[in-house]
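The structure appears right after this line, and notes come after that.
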Protein chains: 2
Amino acid sequence: MASGTLLYAQSGGVTAVINATASAVLQEARSRRVKVLAARNGILGALREDLVDASKIPLATVRALAHTPGGAFGSCRYKLKSVEADRAKYERLIEVLRAHDVRWFLYNGGNDSADTALKVSQLAQEFDYPLTCIGVPKTIDNDLAVTDCCPGFGSAAKYTAVSVREAALDVAAMADTSTKVFVYEAMGRHAGWLAAAAGLAGQGPDDAPQIILFPERDYDEAAFLAQVKRVVERVGWCVVVASEGIRDKDGRFVADAGGGQDAFGHTQLGGVASHLAGRVKDTLGYKVHWTLPDYLQRSARHVASKTDVDQAMAVGRAAVQFALAGHNATMPTIRRMSDAPYRWTIEAAPLERVANHEKTMPAGFIRRDGFGITAAARRYLEPLIRGEAPPPYGRDGLPKYVTIDLPAIGKRLPGWNG
Amino acid sequence: MASGTLLYAQSGGVTAVINATASAVLQEARSRRVKVLAARNGILGALREDLVDASKIPLATVRALAHTPGGAFGSCRYKLKSVEADRAKYERLIEVLRAHDVRWFLYNGGNDSADTALKVSQLAQEFDYPLTCIGVPKTIDNDLAVTDCCPGFGSAAKYTAVSVREAALDVAAMADTSTKVFVYEAMGRHAGWLAAAAGLAGQGPDDAPQIILFPERDYDEAAFLAQVKRVVERVGWCVVVASEGIRDKDGRFVADAGGGQDAFGHTQLGGVASHLAGRVKDTLGYKVHWTLPDYLQRSARHVASKTDVDQAMAVGRAAVQFALAGHNATMPTIRRMSDAPYRWTIEAAPLERVANHEKTMPAGFIRRDGFGITAAARRYLEPLIRGEAPPPYGRDGLPKYVTIDLPAIGKRLPGWNG
């Protein structure tokens with residue numbers, strides 16, 4: 001074993017493939033005889049000194065992580081503020097790392113995690129503690145800077161395109177006497193990447209989804225309803241994909257238009273799809289159905305993109321390699337070499353170019369009328385959903401997913417009262 | 001070619017595998033040199049004389065139907081009433097069948113379709129028109145009498161169990177700082193078959209789904225909320241699967257508790273999951289997410305059960321065989337020979353034993369506390385989701401589904417003004 005340990009933690013909303021990254025981290029570390037600790041529930045586990053000895057996970061389980069969704073070590077929504085504001089927490093982190101001889105810290109998450117990893121690396125230098133910090137990219141939102149795409153997005157994108165294509169066949173079959181409009185709500189509070197991916201489900205103007213609503217464009221109810229009417233009159237039915245983050249011209253979230261109270265005065269949870277469906281029904285009179293896949297779209301490992309799985313594992317391997325090579329404060333990123341054939345490679349980006357930046361969707365990806373994607377978007381998106389990487393299934397007809405249940409290793413520090 | 005034609009039509013809500021039945025019907029008829037017409041949009045196509053010559057579909061397309069969801073010929077929600085009330089329509093049907101020399105009529109649907117097929121067969125006898133009518137089973141609701149299970153149910157059940165298992169891994173990973181309760185709404189207005197299938201996702205009492213709500217039991221809000229609290233305190237998080245058809249002790253649908261008006265006075269479409277999620281949030285204060293898969297659950301051919309696909313094709317083949325053998329007014333049904341190993345065979349049941357009956361879920365399938373399934377339910381359900389039968393995927397990362405776009409054959413009768 002090399003001297004020192006490597007600490008791995010997962011952060012933010014999990015994906016279908018963040019455990020594939022974890023699997024690659026563990027496998028690469030094993031092959032280099034580096035001991036790996038994992039923090040439970042992300043950075044909170046590091047602060048609480050709630051760590052497990054990931055080197056003790058059986059190899060078969062490590063390999064099975066590559067096809068298991070969720071976050072095997074637990075993730076967290078917990079953002080560290082500036083070093084000034086949260087100095088005690090950063091110092092506690094350094095203390096915990098030092099107590100466990102952690103020389104390499106890999107933080108697997110999005111923008112915030114990259115920022116945390118960067119700050120920890122800066123503070124370690126200030127304390128003269130030898131530490132190499134690596135941000136490992138992950139997010140279904142596809143909004144990280146520098147990297148061409150984000151592990152986790154491709155699988156959610158594939159789920160979206162496949163689901164929309166399948167539901168559209170259902171709607172088309174029933175439209176003569178039943179549902180004519182179907183609304184699908186895609187995740188994406190700030191950027192319409194997943195809504196755009198739905199556009200891959202069809203090719204021609206009459207293919208579903210005939211209407212996509214992007215958060216990058218103001219939602220105009222009259223224009224939307226007129227478009228639904230035009231599509232139904234031409235095609236016979238209409239599939240709408242709406243990003244959860246669409247807003248009207250005054251910046252109000254359409255999702256907030258719902259969320260009133262029900263007939264009993266109870267909180268009514270709504271959302272974009274339920275609102276749009278209600279408006280279509282009330283104003284156009286069409287029978288309408290709607291879906292809110294919610295977490296299903298980010299945990300559907302059973303329909304993961306092979307490209308995405310490959311990239312999730314590649315950033316995991318590279319993270320260990322960069323760490324051991326001392327490339328401090330960097331993130332392995334994906335660089336696209338060509339669209340057709342699709343070729344990509346892993347590079348190292350400085351964390352400061354990633355932290356607190358947000359990649360938005362290029363304006364050229366949205367069609368002029370605002371209701372669909374362009375050929376440029378298709379060229380970008382299509383390779384990311386390409387290839388299948390199904391999990392193994394058991395005799396019971398269910399995917400063989402694994403969970404990790406290791407005891408925490410002994411604490412070496414007093415408890416944390418953060 | 002044999003003399004006379006066979007007419008095939010699809011009815012009611014479509015499934016992931018009704019086209020597999022259609023594929024088997026077409027392949028079996030071809031091998032027996034029988035010409036096949038298909039009615040567009042179910043029985044309406046027959047009434048309208050809107051028929052296509054399905055014998056002209058290329059063999060590759062016929063085969064691809066076996067892995068394509070939706071209803072390739074169009075389905076309909078259109079119920080014929082009694083012969084007395086709808087006599088003109090039944091007579092029109094006979095007229096159309098006679099005009100196209102239809103000697104075998106295969107109607108692929110649920111209870112209502114079995115009833116229609118039965119009545120058509122009776123009227124044909126009254127008119128002395130030589131016709132063999134076969135009902136072909138299909139429904140995700142699994143509520144047909146006689147048959148052990150219904151083609152379409154197994155795939156929707158597998159989608160449900162897989163999705164719940166995947167989402168649970170997501171929730172478990174995030175529960176420390178984020179969502180603690182996740183609510184999944186399953187189809188099933190009258191019977192909780194799909195909600196029960198979700199129970200296959202876990203084994204032990206702490207596995208998801210920890211709570212299932214069945215329409216067979218009165219919904220008791222206080223008991224439900226107390227159970228959610230117990231589970232969250234014990235496990236750390238809780239996955240709830242609720243059947244859309246749950247009702248309170250006064251028989252009111254919980255889904256109707258929502259559906260009020262939003263802040264702008266617009267119709268608010270709710271549903272069971274959104275209502276339950278709102279109540280959990282309001283009364284227990286847990287962060288909650290919810291999903292309404294809606295049509296995704298019945299069109300998800302990408303995660304179909306192989307058992308289901310095999311049975312859907314078997315009933316299609318048998319339907320043609322029964323028709324040509326003159327087994328009038330029957331339905332091919334699935335008989336379970338044994339649970340372990342799971343063995344089944346196809347039998348013929350008289351349509352009158354199927355039409356207008358409804359199979360409910362045995363009381364012994366629901367746990368005494370009402371929140372889960374029993375070992376008996378597991379023995380029944382598990383074989384139905386067993387095996388994978390993924391569709392082929394294209395280079396674009398999407399399943400290669402087919403659509404059929406044949407011109408209608410020439411009309412031989414005056415138009416129908418039904």
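Proteins get letters first, then strands, A, B, ... in listed order; numbering begins at 1 in each.
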Using a 4.5 angstrom heavy-atom cutoff, name the option from [options] with the most pairs to chain B.
options                               : result
A/Asp176, A/Ile18, A/Val14, A/Leu384  : A/Asp176
A/Asn19, A/Asp170, A/Leu169           : A/Asp170
A/Arg386, A/His302, A/Lys306          : A/His302
A/Gly70, A/Ser299, A/Pro69, A/Ala72   : A/Ser299
A/Cys76, A/Ala168, A/Pro390, A/Gly394 : A/Cys76
A/Pro383, A/Ala173, A/Gly74           : A/Ala173

Q.
Please evaluate residues B/Asp294 and A/Tyr184 with respect to the criterion side-chain contact (heavy atoms from CB on, under 4.5 Å), reporting the C-alpha separation (whole Å), side-chain torsions for both, the decisive distance (0.1 Å), and the verdict.
A. CA-CA 10 Å; B/Asp294 196 67; A/Tyr184 179 108; over 6 Å; no

Q | From CA spacing to verdict: side-chain contact (heavy atoms from CB on, under 4.5 Å), A/Val171, B/Tyr295 | A | CA-CA 8 Å; A/Val171 175; B/Tyr295 287 165; 3.9 Å; yes

Q: Would you give the length of the straight line joining atom CD1 of B/Ile385 to atom CG of A/Asp396, rounded to the nearest 0.5 angstrom?
A: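 Reported to 0.5 Å precision, the distance equals 6.5 Å.
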
Q: Drop me the distance from B/Leu296's CG to A/Gln297's CD, to the nearest 0.5 angstrom.
A: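 B/Leu296 atom CG to A/Gln297 atom CD measures 10.0 Å (nearest 0.5 Å).
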
Contact origin within [X] toward chain A - heavy atom pairs under 4.5 Å:
X        : answer
B/Thr15  : neither
B/Asn41  : side chain
B/Ser305 : neither
B/Arg40  : neither
B/Phe73  : neither
B/Thr403 : side chain
B/Tyr342 : neither

Q) Looking at B/Ala300, B/Ala172, B/Gly387, which one has more heavy-atom pairs under 4.5 Å with chain A than the rest? A)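 Looking at each of B/Ala300, B/Ala172, B/Gly387 in turn, B/Ala300 comes out on top.
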
(Q) Could you check whether atom NZ of A/Lys79 has more than 12 heavy atoms from other residues, nucleotides or ligands sitting under 6.0 Å from it? (A)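 Counting other residues, nucleotides and ligands, NZ of A/Lys79 exceeds 12 neighbours.
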
Q: Count the heavy atoms of every other residue, nucleotide or ligand shown that sit under 6.0 Å from NZ of B/Lys287, and state whether that count exceeds 12.
A: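 Result for NZ/B/Lys287: enclosed.
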
Q) Between A/Met174 and B/Ser75, what is the shortest heavy-atom contact and its length? A)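 Looking at all heavy atoms of both residues, the shortest contact is SD-CB, 3.8 Å.
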
Do side-chain atoms of [X] reach the backbone of [Y] as a donor and acceptor pair under 3.5 angstrom?
X        : Y        : result
B/Thr291 : A/Pro293 : yes
A/Arg165 : B/Leu398 : no
B/Thr177 : A/Arg77  : yes
B/Glu166 : A/Arg301 : yes

**Q.** Region of A/Ala16 that comes under 4.5 Å of a non-hydrogen atom in chain B
**A.**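 Contact with chain B involves no heavy atom of A/Ala16 at all.
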
Q. Just wondering, do A/Val303 and B/Tyr393 contact through their side chains at under 4.5 Å, heavy atoms?
A.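 Result yes, sub-4.5 Å side-chain heavy-atom pair found.
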
